[in-house]
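Read the structure below first, then the notes.
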Amino acid sequence: MPQLGRRALLSAIGVTAAAGAVVSAPAARASVAGRARRGPYDDRVRALLRRMTFAEKLGQLQQLPWSWELNPGSGETEEVEDAARTGRLGSVLSILGARRTNALQRIAVEESRLGIPLLFGLDVIHGLWTTFPIPLAQAASFDPEVARTDAEVSAREARSSGVHWVFSPMMDVTHEPRWGRIAESSGEDPHLTSRFAAAKVRGYQGDGYRDGRTVAACAKHFVAYGGAEGGRDYNTVDVSESRLRNLYLPPFKAALDAGVATVMASFNTISGVPAHGNTHTLTDILKQEWGFDGTVVSDWAGVEELIAHGFAEDGADAARLALNAGVDMEMTSTHLRSEGTALLHAGRITRRRVDDAVTRVLRLKFALGLFEEPYVEEGAEISAPAPAARRAARTAAARSMVLLKNEGGVLPLSRAAGTLALVGPFADSADLLGTWAVPAAAERFPSAKVLDAVRAAAPDAKVTYVRGVAPDGSDTSGVAEAVAAARAADVTVVVVGEPAALSGEAAARSELGLPGAQEELIAAVARTGKPFVVVLVNGRPLTVGGWLDSAPAVLEAWHPGLEAGPAIADVLFGAVNPGGKLPVSFPRSVGQLPVHYNHESTGRPADPDNAFTSKYLDLPSSPQFPFGFGLSYTSFALGTPELSHGSVRAAALRDGARVQVSVSVRNTGGRTGDEVVQLYVRDRAASIVQPVRRLVAFERVTLEPGQERTVRLGFGAAELGFWTDDPDGTFLLEEGTFDLYTGTSSAGKDALAFRVV
């Protein structure tokens, strides 16, 4: 192994090593591989494998789509039923409903030779019938319980409807707001994403699957999908091993530690090798180094797309490459099933690898209890949001909103009688569910409107409404009427943003401003000189610099889900004091991208007084709003942080020692409110250049006026060390000085020095 630096190099991967030793991942893999890993259902799985033909084994590795309103024209029901009847099908996706799933399950269980039940999967991303805020919004809560609650409600609704498996959580860390799928992510930070990924897995899966209220979760997309070039979906990712392990992989490891049942491969290449054919990530890291014994599923036609990538010559070659790399189940394309026997006879795949993949699929079916209870009780199906679920969605939405600006105390609004104008294309819109809402749910249970909720929250006020402009058009003919309404009102609420269709999969944008003439509407309202509030409903960070200075107050509401209107009204009128923080930096312009808080330093860091430093000529280097930023209707003061230890021996950290930073936080205002205390670390000098800051801990606290509380945030070897660029993986904790920053955003200034000795 090459020399990696002049300082002592210490391992922190949890395996026994002498102080000062460098321990690489192959040693950890060897220890994992050397242990006989036995699951509780393995005897039954082996007995079933002995009875299966090779064709039936290949069938267990096949997932087909159901053809119905969720994916029109995407599958053929006759093909699915025939495959289930002949034992040539392991799973079906995009199927929903107790009656429908039971009917298909009966074909597999009662008509196939071995009666192996089917596994039913569905894209339940932020709710089934009860649509919660988009995942990016949930991350803005800085409260993982929000994600856990979403998952618990979703799992209960899905399982009662015959769904066993949800393709969530998505944990792609990304620095690219042009990428539409940032809406499904938790933003730009691996620690925040890890916390939310683990919480959502626990919410979906609970303590097991036998209670009929939980489902198998799926960690996706493995891996580095968030690094897509130019923010274009499905695009190339060229990433070093160090960045792969330090930025993109940690949330997946957190999900595995939380017990996630399945993992989905990503569409992108990883330094030239497509993820669906990437042995290094799917087998070397995921299955061997991490010891993952669950199921790896392809993404939609991801195996077939190895041909379009130029990685496979044909379907047979794609099947060979994907299976040997570590894919266990093929979604929608059918190359493993159709080409597997010929590949086996040609010696291009092995019976042992096929048996391993089938074992992983069958283990999950046994764990879900499908062999004992393959059907769901049709009379107990949940087919609408329950009142408690609606309340949870409303709480989550309000808890996820971020107050970006509030000059002159415009917010919260008064409920007293007066005139209130609502203008903008989303003030009376039900298009607030966000991307990846289940189509049947979106049709039956659209989001509650802001206009209706404001009228209900202020029944004595005169509330007027004018749309002003269309969501995505250039027609400004309604602006004059909106201006007249604003002039006649005591205060105006301008509700603007993106339609849900402009975020999510296949929804990359080259510009990040408000679509259409929405910015003109804001400017026109601003020229009235009357107080107003801008409410943003969107699925990604937007550029707001063109109108931000003219707006006294700005509330980032994201796409809030089913209870959008009531939740926004709760925050506007102060029933909820906003306490969310940005999980992603807001850029000043698209030309500034990428801009994120956890960037690496250069030899010439940005300095406005020095021309020859890393910056732009025409705008500041900082984002419009930094990661972790968010205001409140009250005010807070943080005390001087204190360390439990000024220095710690590396050997003690390697053995699990933790260090605590204690900081007091006091509510200095007149309202009860929430503050998120954040802890960041910077390694002053490392053998591989580190980010200028890394979030390592946070806690959201609620304080009454005048109340003070001491928050204790811990860190250890995992938060201080880093992975090297060694392809085999080496995690290092180096001696030296670390700067610790506490604050209420990534721009916090309160610093402490800490040494590893």
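Just so you know, residue 1 is the first one in the sequence shown, and it goes up from there.
- Taking CG of L192 as the start and OG of S186 as the end, the distance is 6.0 Å to the nearest 0.5 Å.
- Electrostatic pairing of E642 and R712 does not count as a salt bridge here, judged by no charged N lying under 4.0 Å from a carboxylate O.
- Listed for the T672 side chain is no donor-acceptor partner under 3.5 Å among the backbone atoms of E704.
- Note that NE2 of H221 and CG of N268 are 9.5 Å apart. Values are rounded to the nearest 0.5 Å.
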T435 vs E184, side chain to side chain donor-acceptor pair (under 3.5 Å): CA-CA, chis, key distance, verdict: CA-CA 8 Å; T435 183; E184 302 171 51; 4.9 Å; no

S141 and R399: CA distance, side-chain angles, deciding distance, side chain to side chain donor-acceptor pair (under 3.5 Å) verdict: CA-CA 6 Å; S141 72; R399 197 163 178 79; 5.7 Å; no

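- Of the listed residues (N577, T634, T702), just one forms a side chain to side chain donor-acceptor pair (under 3.5 Å) with D674, and that residue is T702.
- Between R181 and D172, no side-chain nitrogen of the basic residue sits less than 4.0 Å from a carboxylate oxygen of the acidic one, so the salt-bridge criterion is not met.
- Interatomic distance, CD of E556 versus CZ of F629, reported as 12.0 Å (0.5 Å rounding).
- For the pair R243 and E600, the salt-bridge criterion is met [side-chain N within less than 4.0 Å of a carboxylate O].
- Ring geometry, H175 versus H596: the interplanar angle falls under 30°, so the pair is classed parallel (tilted spans 30 to 60°).
- Between F252 and F222, the distance separating the two ring centers is shorter than 6.0 angstrom.
- At least one side-chain heavy atom of E176 sits less than 4.5 Å from a side-chain heavy atom of L593.
- Contact of the I568 side chain with the M401 side chain is registered, since non-hydrogen atoms from C-beta on lie closer than 4.5 Å.
- R588 forms no cation-pi arrangement with F625, by the criterion of a distance under 6.0 Å to the ring centre and an angle within 45° of the ring axis.
- Under the 4.5 Å side-chain criterion, counting only non-hydrogen atoms from C-beta, I270 is not in contact with V237.
- Under a cutoff of 6.0 Å and an axis angle of 45°, R693 and Y741 form a cation-pi pair.
- Taken from CZ in R245 to CG in L247, the straight-line distance is 13.5 Å, to the nearest 0.5 Å.
- In this structure, the side chains of S185 and L136 come closer than 4.5 Å at one or more pairs of heavy atoms.
- Side-chain contact check for V544 versus V554: every heavy-atom pair is 4.5 Å or farther apart.
- The closest donor-acceptor contact from the side chain of Y633 to the backbone of V571 lies under 3.5 Å.
- With ring centers used as reference points, Y597 lies under 6.0 Å from Y680.
- The shortest side-chain heavy-atom distance between P552 and F532 falls under the 4.5 Å cut-off.
- Listed for the K615 side chain is no donor-acceptor partner under 3.5 Å among the backbone atoms of P620.
- Residues S687 and E734 have side chains that bring a donor and an acceptor to within less than 3.5 angstrom of each other.
- For the pair F715 and L679, the minimum side-chain heavy-atom distance is below 4.5 Å.
- Interatomic distance, Q592 CD to T543 OG1, rounded to the nearest 0.5 Å: 10.5 Å.
- Side-chain atoms of S271 come within 3.5 Å of backbone N or O of V239 as a donor-acceptor pair.
- Side-chain contact between Q138 and K200 is present, with at least one heavy-atom pair separated by less than 4.5 Å.
- For R658 and E719, the salt-bridge test passes: some basic side-chain N is under 4.0 Å from an acidic carboxylate O.
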Intermediate values then yes/no, salt bridge (Lys or Arg N to Asp or Glu O under 4.0 Å), R540 and E498: CA-CA 9 Å; R540 55 160 55 83; E498 295 178 305; 2.7 Å; yes

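- Side-chain contact annotation: D431 with S429, donor-acceptor N/O pair under 3.5 Å absent.
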